[in-house]
Amino acid sequence: MVPADTRDTDRLYDCIIVGAGPGGLQAGIHLGRYNFNILLFHTPGGRTHHARHIENYLGINAISGGQLIETGLEQVQRFGVRVEKAKVERVAGQEGAFDVTAGGKTYKARYVIASSGARETIAPYKNLARFFGTSYFTCLICDGYRTTGKKLVVIDRSVNGVRTSMGMKQLFTKDVTFIAQGIKLNPHYAQLLADEGIPLIEGKPEELVGEKTLEGVRLSDGRIIPCEVILGWGGISMNDEYLEGLPLERDADGFKVVTSGVCESSLPGLFVLGALRQGHSQAIISAGQGAEAAIEISTRIVEI
Ligand SMILES: Cc1cc2nc3c(=O)[nH]c(=O)nc-3n(C[C@H](O)[C@H](O)[C@H](O)COP(=O)(O)OP(=O)(O)OC[C@H]3O[C@@H](n4cnc5c(N)ncnc54)[C@H](O)[C@@H]3O)c2cc1C
């Protein structure tokens with residue numbers, strides 16, 4: 001039992017969770033329901049927060065990411081998790097004795113769960129905000145279904161767009177056009193698209209056209225490519241600056257963290273979930289990983 005007058009930074013938390021996405025929140029629910037001392041830090045936003053319609057989460061017909069997070073924050077606090085709005089700046093230490101710096105103070109914890117996700121680079125097209133999440137999408141797994149039977153434009157700055165265009169045609173809509181943004185496509189790939197009946201346009205998109213509904217994409221040379229929906233991609237970066245300097249095994253690209261089946265990284269006691277971890281990224285996957293990590297941590301705390 002921690003004496004009431006113990007200073008916040010002297011207390012040894014059982015676990016500190018970084019991030020209030022589905023991963024961190026699900027971990028918080030499980031750990032809170034073991035009556036452990038848990039502290040969860042989060043900053044506003046996160047990828048889930050930007051999702052307008054989540055329709056592939058078991059038990060929920062449709063929910064916005066914002067609603068899912070708000071409900072999760074209420075839920076963790078109901079089970080005694082302390083929630084603080086602050087950016088985690090650094091994690092150091094090892095299993096049983098981690099130091100977590102956030103908002104200029106350093107807190108102690110036996111375990112740390114890094115569930116801070118990733119951030120997307122949003123393409124700089126005029127009017128993008130007007131259509132983001134309703135007719136401009138960035139994730140095939142999340143929103144490909146919403147393009148079913150519609151006139152689709154895929155925009156990409158790499159040959160990945162060729163594969164995406166072909167996949168979209170197989171899965172969702174016969175009417176696909178590929179805009180190769182600012183690149184000259186190798187003739188081999190151009191031929192693949194031609195064989196699939198996917199028009200190829202090389203150019204630089206500048207503006208999404210339409211008032212209430214999307215009507216097309218205007219290119220820098222003035223051409224307007226008509227469409228009802230767009231699948232675009234600006235790139236992604238990990239929210240993992242606070243893990244810098246830790247001996248973490250990464251994937252072959254040096255990008256995502258490699259973990260065990262219970263989401264433990266190569267630094268014992270540090271669990272890494274969701275978009276930060278090698279593997280597919282979806283809200284329900286992060287939530288499952290949060291539960292997995294929490295149960296593993298609870299087992300170890302009880303054994304200590
Ligand atoms: C537009 C859009 C639509 C999507 N639609 C779907 C969908 O329909 N279905 C689906 O399953 N998935 C969807 N996703 C993907 C889904 O959001 C991610 O796979 C999921 O968010 C990963 O959850 P997470 O808990 O790992 O991270 P996130 O949801 O990104 O949460 C990370 C949390 O960490 C916080 N954070 C970041 N850095 C720090 C720091 N240094 N200190 C403290 N806190 C920090 C963030 O603010 C946030 O609270 C969508 C994503 C986007 C962008």
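In listed order, ligands and their atoms are each counted from 1.
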Are the charged groups of [X] and [Y] less than 4.0 angstrom apart, N to O?
| X | Y | result |
| --- | --- | --- |
| Glu244 | Arg90 | no |
| Glu120 | Arg47 | yes |
| Glu241 | Arg119 | yes |

Quiz item: Out of Arg110, Arg300, Arg82, which residue meets the salt bridge (Lys or Arg N to Asp or Glu O under 4.0 Å) rule with Asp14?
Solution: Arg110
Quiz item: Would Tyr111 and Tyr13 count as a close aromatic pair, with their ring centres under 6.0 Å?
Solution: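 Between Tyr111 and Tyr13, the centre distance exceeds or equals 6.0 Å.
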Practice problem: For ligand 1, would you mind listing the residues that have at least one heavy atom less than 4.0 Å away, ordered by chain and number? | Solution: Val18, Gly19, Ala20, Gly21, Pro22, Gly23, Phe41, His42, Thr43, Pro44, Gly45, Gly46, Arg47, Thr48, His50, Ala51, His53, Ile54, Asn56, Ala86, Lys87, Val88, Ser115, Ser116, Gly117, Glu120, Phe132, Cys142, Asn239, Tyr242, Gly274, Ala275, Ser281, Gln282, Ala283, Ser286
Exercise. Just grab all the disulfide (SG to SG under 2.5 Å) pairs involving residues 174-232, residues at least two apart or on different chains.
Key: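 Those involving residues 174-232 do not exist here.
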